[in-house]
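The first residue in the sequence is number 1, and the count goes up from there.
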Amino acid sequence: MSGPLDGVVVLDLSRVLAGPWAGQLLADLGARVIKIEHPERGDDTRGWGPPWLDGEGDAERLAAYYLCANRGKQSLAVDIATPQGQALIRELAVGADVLLENFKVGGLARHGLDHASLKAVNPRLIGCSITGFGQDGPYAHRAGYDVMIQAMGGLMSLTGEPGGMPMKTGVAITDVMTGLYATVGVLAALHERQQGGRGQNASGRHIDVALLDVQLATLANQALNALVSGQDPPRRGNAHPNIVPYQAFACADGHLVLAVGNDAQFARLAGLLGHPEWAEDPAFATNAARVEHRDELVARIAAAFLARPRDAWLADLEGHAIPAGPIHGLCEALADPQVQHRGLSRFLETTDGRRVPQLANPLRFDGESATASTPPPGLGQDSDALLAEMGLTAADIDRLRRAGVVR
């Protein structure tokens, strides 16, 4: 089934997570994504294991990390530091719609492969550059990795238990969010170009996406808490800074999360816990009052939940239309009936018969999942086909391979 981006060609020179995440999302939406990798090293994440998806015989061992962000792409292994490799990329750029890259500022320009240079051969080419700190500013030259950006951008200061060490999130969430913002920018630029918004023959936009920018922009209510109050929001563990009760609680045999979002829900909770008078108490009747008296109220609720097993509480909470849920491990979450029903966990088959586990794209169009049907490619898996499509003969490809230009 063709996707909304059918016919769009993306030249993906990105590695690790933020750029590849954007490339995978564009592939899921129907774009043809050509992943450019070094002939020997490939994408860094190919070596970021264990765990590994092992193959038989000489089949490439695939790291789970690599498999999470490269579905639906073709892999062309070419050394862009060589003149021959640079010529191949320029030729591919002629027929591309989007250049996606996450080199340090100036890195591609040294090879004549940055967006400005490639626009000389394709004025309509849209460029998207993903970096740690952006294309300008005092830190523009620095490399950026998710954990250091979480630290510098304030997210770690908000994460962890009160009085404990600041913590990173369990997923490289800044990389993932940067990939999403990059995709939004690419889609906007494609739409503008399609509509002739900058003139019929105008050149493609250049999109500058920085991890630090994204990190600050996605702090949402916490960023505004700081801007409005002029103070650093404290770490609250699993509690919410602006809503009470909205956090994890221990039960007799496990844990659950309670998410009371309004006063009516709180009144129902108070009745379920055997204390309907709480809903009439001026200290607890409104969310603002509950935030002010957080410690007293949370202690009372915590004591009540310890009296019964988790699943008994969850059944009653659902019966009273009070939002709550169990705290699952990942294997439990993947096995959840709703997750199974929605088909979020699935397998794609490689050319050598391996079944590659994947998490589906959460977007659905007319009831159909927007998830590419081809698994992440092996290193250089599509080199011969792509080079032949560009007009190179088998002898030409063999010469390039023997010279170490392609794999």
Side-chain angles (χ1 to χ4, degrees), residues 10-26 33-38 41-45 48 69 76 78-83 85-90 92-93 96-155 172-190 203-218:
V10 178
L11 193 54
D12 184 359
L13 275 72
S14 67
R15 295 98 57 213
V16 188
L17 187 53
W21 196 264
Q24 177 171 268
L25 181 50
L26 294 168
V33 179
I34 302 172
K35 182 178 179 69
I36 306 300
E37 302 185 73
H38 190 277
R41 300 187 300 274
D43 189 312
D44 295 353
T45 61
W48 286 8
L76 172 58
V78 54
D79 186 354
I80 65 171
T82 65
Q86 293 159 14
L88 291 173
I89 300 302
R90 279 191 284 272
L92 283 170
D97 296 286
V98 178
L99 169 69
L100 185 64
E101 58 93 3
N102 63 351
F103 281 72
K104 288 198 294 185
V105 174
L108 279 179
R110 291 197 300 270
H111 304 308
L113 300 178
D114 58 308
H115 180 243
S117 299
L118 293 181
K119 278 175 62 178
V121 298
N122 180 1
R124 289 172 58 79
L125 181 68
I126 293 165
C128 181
S129 297
I130 298 172
T131 58
F133 299 96
Q135 297 296 304
D136 50 37
Y139 301 161
H141 65 284
R142 297 183 184 179
Y145 287 86
D146 182 276
V147 67
M148 61 183 284
I149 300 298
Q150 287 195 38
M152 296 178 68
L155 181 58
I173 194 66
T174 308
D175 274 339
V176 171
M177 292 299 297
T178 300
L180 292 174
Y181 269 94
T183 303
V184 171
V186 166
L187 294 177
L190 285 168
S203 60
R205 291 270 197 181
H206 179 247
I207 303 159
D208 172 9
V209 189
L211 271 68
L212 184 61
D213 295 355
V214 169
Q215 177 61 91
L216 268 298
T218 54

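Ile36 CD1 to Leu113 CG: the interatomic distance, rounded to the nearest 0.5 Å, is 10.0 Å. In this structure, CG in Leu118 is found 8.0 Å from CG in Leu108, a value given to the nearest 0.5 Å. The NE2 atom of His38 sits 11.0 Å away from atom CG of Asp44, with the distance rounded to the nearest 0.5 Å. For the atom pair NZ of Lys119 and CD1 of Ile126, the computed distance is 10.5 Å after rounding to the nearest 0.5 Å.
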Please output the side-chain donor-acceptor pairs of residues 209-217 that fall under 3.5 Å, not counting sequence neighbours, one pair per line with the distance.
| from | atom 1 | to | atom 2 | distance (Å) |
| --- | --- | --- | --- | --- |
| Gln215 | OE1 | Thr174 | OG1 | 2.7 |

Taking only distance into account, with no hydrogens and no angle test, what donor-acceptor pairs under 3.5 Å do side-chain atoms of residues 96-105 form with protein atoms, sequence neighbours excluded?
| from | atom 1 | to | atom 2 | distance (Å) |
| --- | --- | --- | --- | --- |
| Asp97 | OD1 | Arg193 | NH2 | 2.7 |
| Asp97 | OD2 | Val9 | N | 2.8 |
| Glu101 | OE1 | Phe103 | N | 2.8 |
| Glu101 | OE2 | Ser129 | OG | 2.5 |
| Asn102 | OD1 | Arg15 | N | 3.0 |
| Asn102 | OD1 | Arg15 | NH1 | 3.0 |
| Asn102 | ND2 | Arg15 | O | 2.8 |

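Heavy-atom contacts from other residues, nucleotides or ligands closer than 6.0 Å to CZ of Arg142 number more than 12.
Looking at Leu17 and Thr45, their side chains never come closer than 4.5 Å, going by heavy atoms from C-beta outward. Using a 4.5 Å cut-off on side-chain heavy atoms (C-beta onward), Leu92 and Leu76 make contact. Inter-residue side-chain proximity for Met177 and Leu180 is flagged as met; some heavy-atom pair is nearer than 4.5 Å. Residues Trp48 and Val16 are in side-chain contact: their nearest non-hydrogen atoms beyond the backbone lie under 4.5 Å apart.
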* Pair Asp146-Thr178, side chain to side chain contact (heavy atoms under 4.5 Å, CB included): steps then yes or no -> CA-CA 10 Å; Asp146 182 276; Thr178 300; over 6 Å; no
* To do: Check step by step if side chain to side chain contact (heavy atoms under 4.5 Å, CB included) holds for Leu155 and Ile173.
  => CA-CA 10 Å; Leu155 181 58; Ile173 194 66; 3.8 Å; yes
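Contact between Ala22 and Gly179 at its shortest, heavy atoms only, is CB-O, 3.4 Å. Considering every non-hydrogen atom in both Asp12 and Gly23, the closest pair reads OD2-CA, 4.1 Å. The nearest pair of heavy atoms linking His111 to Arg90 is O-NH1, 3.8 Å. When every heavy atom of Lys35 is checked against every heavy atom of Pro20, the shortest pair comes out as NZ-CG, 4.1 Å. Closest non-hydrogen pair, Ala93 versus Val121, comes out as CB-CG2, 4.3 Å. Annotation for Ile207 and Ala189: closest pair CD1-CB, 4.1 Å, computed over non-hydrogen atoms.
Shown here are the side chain to side chain donor-acceptor pair (under 3.5 Å) partners of Asp114, two or more places apart in sequence or in another chain: Ser117. Judged as a salt bridge (charged side-chain N to carboxylate O under 4.0 Å, His left out), and not counting sequence neighbours, Asp79 has no contacts. For the ring-ring contact (aromatic ring centres under 6.0 Å, His included) test, residues two or more places apart in sequence or in another chain that qualify with Tyr139 are Phe133. His115 pairs by the ring-ring contact (aromatic ring centres under 6.0 Å, His included) definition with His206, not counting sequence neighbours. Residues satisfying the salt bridge (charged side-chain N to carboxylate O under 4.0 Å, His left out) test with Asp175, not counting sequence neighbours, are none. Judged as a side chain to side chain donor-acceptor pair (under 3.5 Å), and not counting sequence neighbours, Thr82 has no contacts. With sequence neighbours left out, Val184 forms a side-chain contact (heavy atoms from CB on, under 4.5 Å) with no residue at all.
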